[in-house]
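Worksheet: the structure to be examined is printed underneath.
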Amino acid sequence: MQAVILAAGQGTRIRPLSETTPKPMLPVADRPIVAHVADTAVEAGADELVFVVGYLGDHVREYFGEEYRGLPVAYVEQDEQVGTADAVNEAREYLDGEFAVMNGDNIFDAESVSKLFDAAPSVAAYTVDDPTSYGVLSTDDGGSVVTDIVEKPDDPPTTMANAGAYVFPAEAREYLDVPASERGEHEITDVLERVIDEFTVTPVEVDRWLDVGRPWELLEANEILLSDLERDLRGDVAQGADLRGDVVVEEGATVEPGVVVEGPALIREGAKVGPNAYIRGATLVGKDVRVGHSVEVKNSVLMEDAHVSHLSYVGDSVLGPAVNFGAGTNVANLRHDDEDVHLMVKGEYTSTGRRKFGVVAGPRAKTAINTSLNPGTKLSLDATTKPGESVMEDR
Ligand code: TTP
């Protein structure tokens, strides 16, 4: 079966992290989000991967090349991101039988994707407490056949949210050219509607599903996948370092004396931590990251080449590639009024649903010494701060 993986989107809600990296290529544990998707497809028995790329598509092409885990890889370009059905339609000429479609920014468990592939035609479903903000599947009485899909219903027919992975019959190749929806996009759910009308479609409940749309969802995806880590110390760990629990130090990483790491934590190749640093919570220390003397990092994602200089604190935060936090930079991750931390997402002040959330620093943002950062602050691409500054708003 061919697996069409959608990775062309602009990732506007996750800006500034998507300014230099397309959202599907942002890291979750030791690989990009879309590599987790591809891995589940490979493990479920796909025989070809077809990536739909667009925004910063070269990142995807470079990562996967022409062959991935023994499977041939093809790319199609979607010039304008006008919807998921349009994205699959771009791949139409490659399709020659039953085919899977998967969002390239969702995390699934491999076993559930295998079940999805085996149950074709099928749609992945994830049980949620409040389905009103999702596409929701209607099923027959026994729950074994999908009868409809309804967007953001006030009165949801089930608690099964559409989890963004499908297996379509070969005939669906002819259904891809759907008109734009009310919100102006050509949507894959309209293709699904037609498949539901003409075929017996099985809902397959997935055990793990995370849709990474906004910065805190990237943090959450990392928390969950890092918790799968098993202790593995291959790098250069000094005798005086204390690594507790499931800590992975990749080959080529250095952990200096006096460092305490409480797992789960992943310290990637080329990273250097310490001396006397403290890493706790689920933390990803990306490739070539530098965590300096007496720095504390808690429950955060530090992307490739980020630097956090001595005497700084970073909590519940996401630092993009090549961010540089000057000495004494302090992130606040809790509000005095104990309300959930909010973040501006496309101009809307949005709750992260988290009591503790720090900041989002865009690629190459730089703080000067003794900068204080308020919870929920975003620093844009290349933003800077002045020495001693308290940053209360996005910049
Ligand atoms: P979305 O998350 O809806 O869109 P996006 O990734 O552009 O993010 P944002 O809404 O923040 O701007 O897309 C779901 C998946 O489909 C995702 O993997 C990107 C992909 N996609 C395309 O490949 N082409 C498209 O035209 C659209 C809209 C999405």
Side-chain angles (χ1 to χ4, degrees), residues 27-31 218-334 356-361 364-373 387-388:
V28 171
D30 64 348
R31 65 199 81 169
L218 184 71
L219 189 58
E220 190 187 344
N222 272 283
E223 286 165 0
I224 291 173
L225 267 75
L226 290 172
S227 70
D228 291 344
L229 289 179
E230 285 179 19
R231 187 177 174 88
D232 187 11
L233 308 179
R234 289 163 194 249
D236 186 4
V237 178
Q239 261 199 342
D242 181 0
L243 309 188
R244 304 171 188 169
D246 288 318
V247 176
V248 174
V249 180
E250 288 185 354
E251 206 168 324
T254 307
V255 179
E256 302 271 23
V259 170
V260 175
V261 183
E262 290 169 5
L266 170 59
I267 300 172
R268 299 220 54 197
E269 56 178 303
K272 187 163 177 255
V273 179
N276 300 321
Y278 181 25
I279 293 181
R280 64 193 175 96
T283 289
L284 168 63
V285 177
K287 282 186 189 168
D288 301 321
V289 162
R290 178 82 180 89
V291 175
H293 168 64
S294 296
V295 168
E296 180 174 348
V297 182
K298 179 224 157 193
N299 191 226
S300 292
V301 172
L302 313 186
M303 293 188 204
E304 190 162 345
D305 222 12
H307 285 213
V308 183
S309 305
H310 50 281
L311 302 164
S312 295
Y313 173 76
V314 176
D316 305 283
S317 295
V318 184
L319 273 52
V323 162
N324 196 321
F325 275 7
T329 295
N330 268 303
V331 169
N333 58 346
L334 181 67
K356 291 205 170 166
F357 188 80
V359 301
V360 179
R364 303 190 303 258
K366 282 193 178 67
T367 63
I369 57 161
N370 296 331
T371 295
S372 298
L373 299 166

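For reference, positions follow the sequence shown, starting with 1. Below, each value reflects all heavy atoms present in this structure, side chains not excepted, and no hydrogens, waters or symmetry copies.
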Quiz item: Can you tell if the side chain of Leu319 reaches within under 4.5 Å of the side chain of Val308, non-hydrogen atoms only?
Solution: yes
Quiz item: Counting only heavy atoms not in Arg231, do more than 12 fall under 6.0 Å of its CZ?
Solution: yes
Exercise. Hey, could you give me the CG/OG1 distance between Asn330 and Thr371, rounded to the nearest 0.5 Å?
Key: 9.5 Å
Self-check item: Gly292 versus Ala277, closest heavy-atom pair with distance
Solution: O-CB, 3.8 Å
Self-check item: side chain to side chain contact (heavy atoms under 4.5 Å, CB included) partners of Pro321, counting only residues at least two apart
Solution: Thr20, Thr21, Met303, Pro363
Quiz item: Can you tell me how far the CG atom of Leu311 sits from the CD atom of Glu296, to the nearest 0.5 Å?
Solution: 12.0 Å
Self-check item: Closest non-hydrogen atom pair between His293 and Asn276, with its separation
Solution: CE1-ND2, 3.4 Å
Practice problem: For the residue pair Arg268 and Val289, establish whether any side-chain heavy-atom pair is separated by less than 4.5 Å. | Solution: no
Quiz item: What is the minimum heavy-atom distance between Ile279 and Ala265, and which atoms define it?
Solution: CG2-CB, 4.3 Å
Quiz item: Okay, side chain of Thr367, backbone of Gly326: is any donor-acceptor separation there less than 3.5 Å?
Solution: yes
Practice problem: Enter the distance from Glu269:CD to Arg234:CZ here, rounded to the nearest 0.5 Å. | Solution: 12.0 Å
Quiz item: Does the side chain of Lys298 reach to within under 4.5 Å of the side chain of Tyr278, using non-hydrogen atoms?
Solution: no
Exercise. Would you name the heavy atoms of Gly328 and Ser312 that are closest together and state the gap between them?
Key: N-OG, 3.3 Å
Practice problem: Any chance you could measure Arg31, atom CZ, to Leu225, atom CG, to the nearest 0.5 Å? | Solution: 8.5 Å
Quiz prompt | Check: Glu250 and Asp30 side chains under 4.5 Å, non-hydrogen atoms | solution = yes
Quiz item: For the side chain to side chain contact (heavy atoms under 4.5 Å, CB included) test, which of Asn222, Leu218, Leu302, Leu284 pairs with Val318?
Solution: Leu218
Quiz prompt | Pairwise distance CZ(Phe357) to OG(Ser300) - rounded to 0.5 angstrom | solution = 8.5 Å
Practice problem: Let me know which of Ile267, Leu266, Val261 forms a side chain to side chain contact (heavy atoms under 4.5 Å, CB included) with Val248. | Solution: Leu266
Practice problem: Measure the shortest side-chain to side-chain distance between Val295 and Phe325 over non-hydrogen atoms and say whether it is less than 4.5 angstrom. | Solution: no
Quiz item: Where do Ser309 and Ala327 come nearest, in terms of heavy atoms and distance?
Solution: CB-N, 3.6 Å
Practice problem: Would you mind reporting whether Leu226 and Thr283 have side-chain heavy atoms less than 4.5 Å apart? | Solution: no
Self-check item: Set of salt bridge (Lys or Arg N to Asp or Glu O under 4.0 Å) partners for Arg290, sequence neighbours left out
Solution: none
Quiz item: Who passes side-chain hydrogen bond (donor to acceptor under 3.5 Å, both in side chains) against Asp236, sequence neighbours left out?
Solution: none
Quiz item: Distance from Asp316 atom CG to Asn299 atom CG, nearest 0.5 Å?
Solution: 4.5 Å
Quiz item: Minimum heavy-atom separation for Ala306 to Gly320, with atom names?
Solution: CB-O, 4.0 Å
